[in-house]
Amino acid sequence: MRIVLLGAPGSGKGTQAKKLMADKNIPQVSTGDMLREAVATGTRFGLKAKSIMEAGNLVPDDIVLGIISERLSQPDAQDGFILDGFPRTTQQALDLEELLDQMGTPLDTAVLLDVDFDILMKRLTGRRTCSLTGRLLNVYFSSQDELDECTDAGGELVQREDDNEETIGNRLAVYRERTEPLIAFYKEREKLTTIDAEGGIDVVYERLLESLE
Ligand code: AMP
């Protein structure tokens with residue numbers, strides 16, 4: 001299964017990709033995660049990407065494509081993958097198409113996770129990661145018990161650097177301008193499926209599974 005998860009920041013791509021990865025035993029390939037790792041370890045790419053990411057802008061296509069083509073050539077990606085956060089521009093989508101053509105493994109489908117703007121804002125501004133367990137939480141949507149479980153154990157609820165209101169506004173604008181055209185791109189190729197991605201994680205996951213059947 002080779003799929004692209006499309007959707008605005010905060011639409012739940014990462015969360016759903018992780019569930020699918022565990023169920024189907026194919027890797028989640030998240031350019032955001034790989035870039036954050038490059039920033040944290042201070043690689044050449046990371047140094048270039050840091051300020052761009054902090055501002056909520058897009059890292060240049062050639063850097064992202066380099067990261068993706070290397071990742072997709074790894075043995076664990078030969079039986080499929082879930083792309084999360086890539087492609088984000090028409091050029092990236094064309095590059096992906098060419099790369100997969102060369103590999104002889106075309107994309108099966110692009111699933112759009114559809115979420116209303118107000119909910120996206122709450123998901124992004126409220127998003128936290130428990131510093132102890134890495135668990136993703138949300139100050140608006142997680143229960144008090146779930147939040148306390150982290151802090152009572154001595155953990156901190158950490159906010160992503162680019163999850164502040166100013167950067168979020170820019171990330172959503174960048175999504176509209178640069179990434180939303182991919183909806184038409186995949187529709188034209190008859191590869192687009194749209195699911196309602198509002199509601200709880202498990203409900204959305206059921207819809208995702210149904211859409212992949
Ligand atoms: P994400 O975790 O997917 O929200 O990505 C976080 C940040 O990483 C984005 O705001 C961009 O700065 C950068 N990024 C992630 N994926 C891409 C991509 N495919 N193209 C360009 N920049 C990306």
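Counting starts at 1 for both ligands and their atoms, in listed order.
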Which protein residues have a heavy atom closer than 4.0 Å to any atom of ligand 1, listed by chain and number?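 Around ligand 1, where the cutoff is 4.0 Å for heavy atoms, the contacting residues are T31, G32, L35, R36, M53, N57, L58, V59, V64, G85, F86, R88, Q92, R160, D162, R171.
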May I ask you to test the I168-P9 pair for a side-chain heavy-atom distance under 4.5 Å?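 No, side chains not in contact.
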Under-4.0 Å salt bridge between D163 and R171: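 Salt bridge: yes.
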Would you call D114-R207 a salt bridge at under 4.0 Å N-O?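 Answer for the salt bridge query: no.
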Are Y186 and F81 connected into the same hydrophobic cluster when the rule is that any two of I, L, V, M, F, W, Y join if their side-chain heavy atoms are below 4.5 Å apart?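 Shared cluster, yes.
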Does a donor on one side chain sit under 3.5 Å from an acceptor on the other, for Q91 and D95?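 The answer is yes; a qualifying pair exists.
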Return the set of residues passing side-chain hydrogen bond (donor to acceptor under 3.5 Å, both in side chains) with D202 (not counting sequence neighbours), or none when no residue passes.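 Testing D202 for side-chain hydrogen bond (donor to acceptor under 3.5 Å, both in side chains), a comparison that skips the adjacent residues, returns K19.
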